[in-house]
Each structure stands twice: as structure tokens, then as C-alpha cells.
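Working notes, beginning with the structure itself.
Any value given below was found using the heavy atoms of this structure, including those in side chains, with hydrogens, waters and symmetry copies removed. As the structure lists them, so they are numbered: ligands from 1, and atoms in each ligand from 1.
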Amino acid sequence: MTQNDPRGRQGPSPDDELTIASNETVGDASRTLSDASARSPNGPQHGLGSGHVAEYRLIDVIGVGGMGIVYRAEDARLRRTVALKVMKPEVAANAMARKRFLREAESAARIDHENIVTIYQVGEHDGVPFIAMGYLVGESLRQKLKREGRIEPRIVANIGRQVATGLAAAHQLGLIHRDIKPENLWLEAETGRVKILDFGLARTQESDMRLTQSGMVLGTPKYMSPEQATAKTVDHRSDLFSLGSVLYHLLSGHEPFGGKDSASTLINVTQAEFAPVEKVCPHLNPALGRIINRLLAKHPAKRPQTAREVAMTLAEIEQQLEAEYQENARRQSLTETAELPATASSSPASAPIPINVSTATGKPPLLSLVLLGLGILLVGLLLLAFLSAN
Ligand SMILES: Nc1ncnc2c1ncn2[C@@H]1O[C@H](COP(=O)(O)OP(=O)(O)OP(=O)(O)O)[C@@H](O)[C@H]1O
């Protein structure tokens with residue numbers, strides 16, 4: 001949920017309000033910071049009057065999420081720009097929340113993978129936890145969806161393969177993201193690389209057991225797995241369900257499960273059947289349709305079992321779609337080349353000038369000879385008439 005954007009991303013609109021409401025994080029009562037106070041790094045509400053957090057100089061606010069405020073900041077020592085997520089003061093007032101934020105950030109910092117945003121440092125400043133991470137330039141998938149509505153299958157396969165690859169790295173360390181959604185998937189402008197953001201709800205499988213016992217539901221309903229929606233124990237396959245939901249949305253322009261509010265969405269996720277993706281996207285590559293439908297299976301045992309497997313399947317589909325795309329582009333350019341002369345000769349205006357010149361100036365030599373003969377004959381007859389008269 002970006003509320004202010006130094007890189008020209010869109011600010012809030014009535015649409016944003018809708019998105020914010022419909023993507024509301026269940027179990028999160030902390031979205032209370034006003035936009036106005038959030039925008040200035042020296043605003044009164046976050047208590048960071050000096051404009052510094054540890055060695056980071058705050059430049060401006062990039063966005064405000066459920067747990068924290070994200071600033072663009074400068075690492076004064078290394079002179080590099082970072083994204084600094086600082087826990088909201090009202091959330092930081094809760095010791096449990098503080099501990100959990102730090103523990104989770106530390107687990108995420110263990111992952112070193114090109115499809116996951118790099119975490120440079122996790123720390124506390126005046127009792128407020130913060131995370132310094134790679135500053136990303138580009139846009140979130142949510143922003144891309146807002147602009148484009150739907151995304152073509154070849155690109156969806158590419159995005160899905162990258163996300164699954166990143167998830168495989170996290171899952172290998174026993175870390176489950178638990179909040180895979182378009183807002184948390186970033187498209188880097190220059191490289192086209194996808195980065196998974198915000199392991200804010202990430203849990204190790206072990207800590208999730210404890211969470212489940214407390215019966216809390218955390219995550220974003222529209223992309224949430226049925227087991228997560230019912231506060232059951234989740235494992236890495238819950239992230240695979242969410243990935244399936246996101247890919248479905250990218251292709252079709254809407255989520256597989258919706259509802260008028262969070263509660264009805266949760267019920268739909270757990271009980272309703274979704275329209276198979278090939279029904280809402282006719283002519284879809286069948287293999288792509290199959291894997292998305294399988295990712296959305298209600299029971300984890302019926303889904304693909306690992307992110308690695310998903311990444312491999314999507315890589316094959318991506319290759320196939322890319323080859324088809326190249327072949328179509330080649331055919332298209334051949335057709336255009338073949339059409340060029342036909343178009344030219346059918347248009348009199350564009351007929352080659354040499355042909356016109358040649359037809360305009362040429363006369364049959366035989367006609368000239370006949371005319372010459374007739375001329376001589378006429379002169380001869382006139383001469384004969386003149387002589388016989390004399
Ligand atoms: N590393 C980063 N580089 C650039 N922008 C970032 C980075 N991390 C987050 N942002 C921006 O800051 C905004 C807020 O991020 P944050 O993770 O706090 O919230 P969220 O994911 O929108 O919501 P929630 O945390 O409640 O799910 C994001 O929408 C994104 O635009």
C-alpha cells in the first residue's frame with residue numbers, strides 16, 4: 001500500500017482506497033498513521049525527530065504498510081541508498097510484536113537470493129525496530145496490474161517461475177512467506193527481475209505451530225490458502241496456493257476468490273470452487289492452465305509439492321511460450337516483407353518510373369516506315385501530275 005512515492009508511482013485514489021480495504025490484513029489493527037504525518041521524515045508521529053535512524057539518514061517516505069513505515073534513506077557510512085522499514089510506534093509499543101518483527105526479519109536476512117530483496121541490517125533504534133534493505137526501483141505487481149489489467153501468459157510464466165525460484169530458496173531454510181500477493185512482488189525496472197518483498201508475516205514452520213495454537217489468522221484473504229484462512233498449521237505449500245492465486249489474477253484480471261468483505265472472502269477461499277483459469281482465459285496454454293489450477297487445490301496434498309517443482313514446470317512453459325512468440329514475430333515480419341512488392345505494383349501512383357518512361361516514348365518502327373513510304377508516294381504523284389500538266 002504505497003501512499004507517497006518519490007519515483008512517480010501513483011498516489012492514493014478512490015481505487016487505492018478500495019484496494020487497501022479489500023487487501024486489508026486480517027489480525028492487523030495498526031493502520032492508523034495518517035498520510036500527512038507519514039510523508040515527512042521529520043513528522044511528529046513516528047518520534048524520529050532527528051531525521052536519522054541509527055546510521056541511516058531519512059530522505060522521504062516510500063510507503064506505509066501494516067507494521068511499519070518504509071523510508072528511502074541513505075546509509076551514511078557506505079553512502080548507498082536503502083529502503084528502511086521502521087516499525088510504527090504504536091506497534092512497537094507492544095513488546096511481543098517488537099520481538100516477532102525482529103525475529104522474522106532476522107530469518108529473512110538469512111536468505112541470499114536474487115529473487116528476494118536483500119536485507120542489509122536488522123536493528124533497534126530507541127526501542128523501535130527497523131530493517132535496512134535494498135532500495136528497489138520499478139513497480140510492484142499491483143501497480144502493473146492497475147496499469148495493464150491483465151498480463152500476457154508468456155510474462156506470467158516468467159514472473160511465476162522467478163517467484164517460485166525465490167520461494168524455493170526461502171522454503172529450503174524452513175521459512176514460509178505467508179503473504180504472497182501482488183503488493184509484495186516487485187518488478188525491477190532495469191533487469192526485469194522479480195523480487196519477493198516483505199517477509200513481515202514470514203514464520204519458520206516451528207514458530208507457526210505456536211501461532212496456530214493461539215488461533216490467529218494473519219495474511220491477505222484474497223490470496224490466502226484455505227489452511228491459513230482457517231488458522232490451521234501451514235507449511236510451504238500454503239505459499240504455493242497464494243502464488244497460484246496471484247498468477248490467476250495476473251492472467252484473468254481478477255482473483256480466483258473474492259467476497260464483499262474479508263469474512264466472506266475467507267469463506268469462499270475455504271469452501272467455494274473457483275472458475276478454472278482456462279474458462280476465464282480462453283486459448284490459454286493448457287500446461288499453464290493446469291499448473292495454476294493445481295496450485296489452487298484446497299488440499300495441500302493435491303498441489304504441486306515443492307516450489308522447485310513449480311519453478312521447473314513454469315520454466316518449461318515459459319520456454320515454449322517464448323519460442324511461440326519468437327516464431328510468430330518471425331512469421332509476422334516475413335508476411336510484412338512479402339506484402340511489400342504486391343502493395344507497390346497494385347498502386348498506379350507507386351509504379352516504378354522507368355516502366356512509365358519506356359511505354360511513353362516508344363513507337364513501333366514499322367509504322368514510321370509506312371508513313372515515310374506514303375509521304376514519298378504522295379510527293380511522287382504530285383510530281384507526276386505537275387509534269388503531265390506541262
Ligand atoms: N525495498 C523496497 N524498495 C522500494 N520500495 C519498497 C521497498 N519495500 C517496500 N517498499 C514500498 O513501501 C510500501 C510499503 O511496504 P510495506 O511492506 O510496509 O507494506 P505493504 O506490503 O504494502 O503492506 P503490509 O506490510 O501491511 O502487507 C510498498 O508498497 C512498496 O511500494
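Heavy-atom contacts of Met133 reach the following atoms of ligand 1: 1 (N), 8 (N) (cutoff under 4.0 Å). For ligand 1, the atoms sitting less than 4.0 Å from at least one non-hydrogen atom of Asp179 are 27 (O), numbered in the order shown with element in parentheses. The ligand atoms of ligand 1 that sit less than 4.0 angstrom from a heavy atom of Ala83 are 1 (N), 2 (C), 3 (N).
By the rule that hydrophobic residues join a cluster once side-chain heavy atoms approach within less than 4.5 Å of another member, Ile69 and Tyr120 end up as members of one cluster. If you chain together hydrophobic residues whose side chains sit under 4.5 Å apart, Leu250 and Ile155 fall into the same group.
The part of Lys181 lying near ligand 1 is the side chain, judged by heavy-atom distances below 4.0 Å. In Ile69, neither the side chain nor the backbone holds a heavy atom less than 4.0 Å from any atom of ligand 1. Counting heavy atoms closer than 4.0 Å to ligand 1, residue Asn184 contributes side-chain atoms (C-beta onward) but none from N, CA, C or O. Residue contacts with ligand 1, taken as heavy atom pairs separated by less than 4.0 Å, involve Leu136 via backbone and side-chain atoms alike.
Checking Thr265 against Asn268 by side-chain atom types alone, no donor-acceptor pair falls below 3.5 Å.
Put simply, no part of Ser140 is less than 4.0 Å from ligand 1, judged by heavy atoms.
On a distance-only criterion, Met67 and ligand 1 share no N/O pair closer than 3.5 Å. Checked by distance only, ligand 1 and Lys85 come closer than 3.5 Å through their nitrogen or oxygen atoms.
Considering CZ of Arg154 and CD1 of Ile317, their distance stands at 14.5 Å, rounded to 0.5 Å.
Screening His125, Gln121, Arg77 against Tyr56 for a side-chain hydrogen bond (donor to acceptor under 3.5 Å, both in side chains) leaves a single residue, Gln121.
Using cut-offs of 30° and 60° on the angle between ring planes, the pair Phe241 and Phe257 is parallel.
Not a single donor-acceptor pair under 3.5 Å links the side chain of Ser252 to the backbone N or O of Cys281.
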